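Values below: all heavy atoms of this structure, side chains included; hydrogens, waters and symmetry mates excluded. Quick caveat: nothing in here was measured; it's all calculated off a predicted structure.
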Amino acid sequence: QVQLVESGGGLVQPGDSLTLSCAASGGTLSDLYMAWFRQGPEKEREFVAGDNWAGGDKKYADSVGGRFEFSRDYVKREFYLQMNALKPEDMAVYYCAASRNRGKTAVGDYEYWGQGTQVTVSS
């Protein structure tokens with residue numbers, strides 16, 4: 001069983017940068033696809049970015065491509081979402097997630113979820 005815990009959310013202004021972290025504990029990560037989702041006010045949860053824990057299949061939502069970067073630290077067993085040039089429409093609760101269904105982007109494909117961290121983008 002894999003446990004995921006996010007951190008790093010907060011209040012930022014448009015144009016700012018913010019990095020979210022997800023600490024993974026328990027289980028073996030090598031067979032998992034790790035991802036970030038978000039859920040804005042009155043919106044459905046949507047895929048943002050992801051990659052195999054071992055790398056090689058990085059994906060981004062069209063809305064964040066070129067601004068957000070997925071990365072991981074194998075030693076710390078953490079993965080990250082570097083968010084640059086934040087926009088008001090990026091404001092959401094961000095969730096990290098993991099799946100044995102590699103490369104999938106649907107919420108229902110993910111077995112493991114963090115509790116979420118709020119990102120507020122406002123001037």
Side-chain angles (χ1 to χ4, degrees):
Q1 193 77 3
V2 175
Q3 292 82 42
L4 302 173
V5 178
E6 303 98 337
S7 61
L11 171 64
V12 297
Q13 295 185 341
D16 284 354
S17 297
L18 192 66
T19 300
L20 305 181
S21 301
C22 183
S25 61
T28 300
L29 304 183
S30 58
D31 295 335
L32 298 178
Y33 194 90
M34 323 301 280
W36 290 95
F37 286 76
R38 68 185 181 186
Q39 188 164 12
E42 300 183 359
K43 295 183 179 179
E44 294 187 353
R45 195 171 299 189
E46 63 178 358
F47 175 86
V48 175
D51 196 2
N52 289 323
W53 178 251
D57 191 16
K58 198 172 287 186
K59 299 180 188 290
Y60 295 97
D62 290 342
S63 58
V64 306
R67 297 189 299 124
F68 290 12
E69 179 68 29
F70 179 100
S71 63
R72 93 278 286 147
D73 186 316
Y74 295 114
V75 174
K76 293 183 177 179
R77 289 171 58 99
E78 294 182 350
F79 59 101
Y80 311 99
L81 185 67
Q82 171 70 41
M83 304 184 292
N84 300 315
L86 282 161
K87 304 176 181 180
E89 51 264 43
D90 295 318
M91 183 167 65
V93 177
Y94 283 72
Y95 298 88
C96 60
S99 172
R100 302 193 184 282
N101 300 306
R102 294 189 182 186
K104 302 296 185 181
T105 60
V107 170
D109 287 318
Y110 284 76
E111 304 97 300
Y112 307 108
W113 291 88
Q115 81 286 355
T117 186
Q118 176 71 47
V119 174
T120 302
V121 184
S122 176
S123 55

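Judged by distance alone, the side chain of Asn84 and the main-chain N or O of Phe68 form no donor-acceptor pair under 3.5 Å. Under the 3.5 Å distance criterion, the side-chain polar atoms of Thr120 are left unmatched by any main-chain donor or acceptor of Leu11. Under the 3.5 Å distance criterion, the side-chain polar atoms of Glu6 are matched with a main-chain donor or acceptor of Gln115.
Annotation: Lys76, atom NZ; neighbour count of heavy atoms from other residues, nucleotides and ligands within 6.0 Å does not exceed 12.
With sequence neighbours left out, the salt bridge (charged side-chain N to carboxylate O under 4.0 Å, His left out) criterion links Asp31 to Arg102. Here Phe79 pairs with Trp36, Phe70 under the ring pair (Phe, Tyr, Trp, His ring centres under 6.0 Å) rule; sequence neighbours left out.
When side chains are defined from C-beta on, Leu81 does not count as touching Thr19, because their heavy atoms never get closer than 4.5 Å. Annotation: side chain of Lys59 is in contact with side chain of Thr105 (closest heavy-atom distance under 4.5 Å). Using a 4.5 Å cut-off on side-chain heavy atoms (C-beta onward), Pro88 and Pro14 make contact. Met83 is not listed as a side-chain neighbour of Asp90, based on a closest heavy-atom distance of 4.5 Å or more. At a threshold of 4.5 Å between non-hydrogen side-chain atoms, the residues Met91 and Arg38 do not count as touching. A 4.5 Å side-chain heavy-atom check between Gln3 and Tyr112 finds every atom pair outside the cut-off. Contact of the Leu29 side chain with the Arg77 side chain is registered, since non-hydrogen atoms from C-beta on lie closer than 4.5 Å.
Ion pairing between Arg72 and Glu78 fails under the 4.0 Å rule for side-chain N and carboxylate O.
Under the 4.5 Å side-chain heavy-atom criterion for Ile, Leu, Val, Met, Phe, Trp and Tyr, Leu20 and Tyr74 are members of the same hydrophobic cluster.
Grouped with Phe47 in one hydrophobic cluster are Tyr33, Phe37, Val93, Tyr95, Val107, Tyr110, Trp113, the linkage being side-chain heavy-atom contacts under 4.5 Å among Ile, Leu, Val, Met, Phe, Trp and Tyr residues.
Across every non-hydrogen atom of Asp73 and Tyr80, the tightest pair is CB-OH, 3.5 Å.
No hydrogens or angles considered: a donor-acceptor pair under 3.5 Å links the side chains of Ser99 and Glu111.
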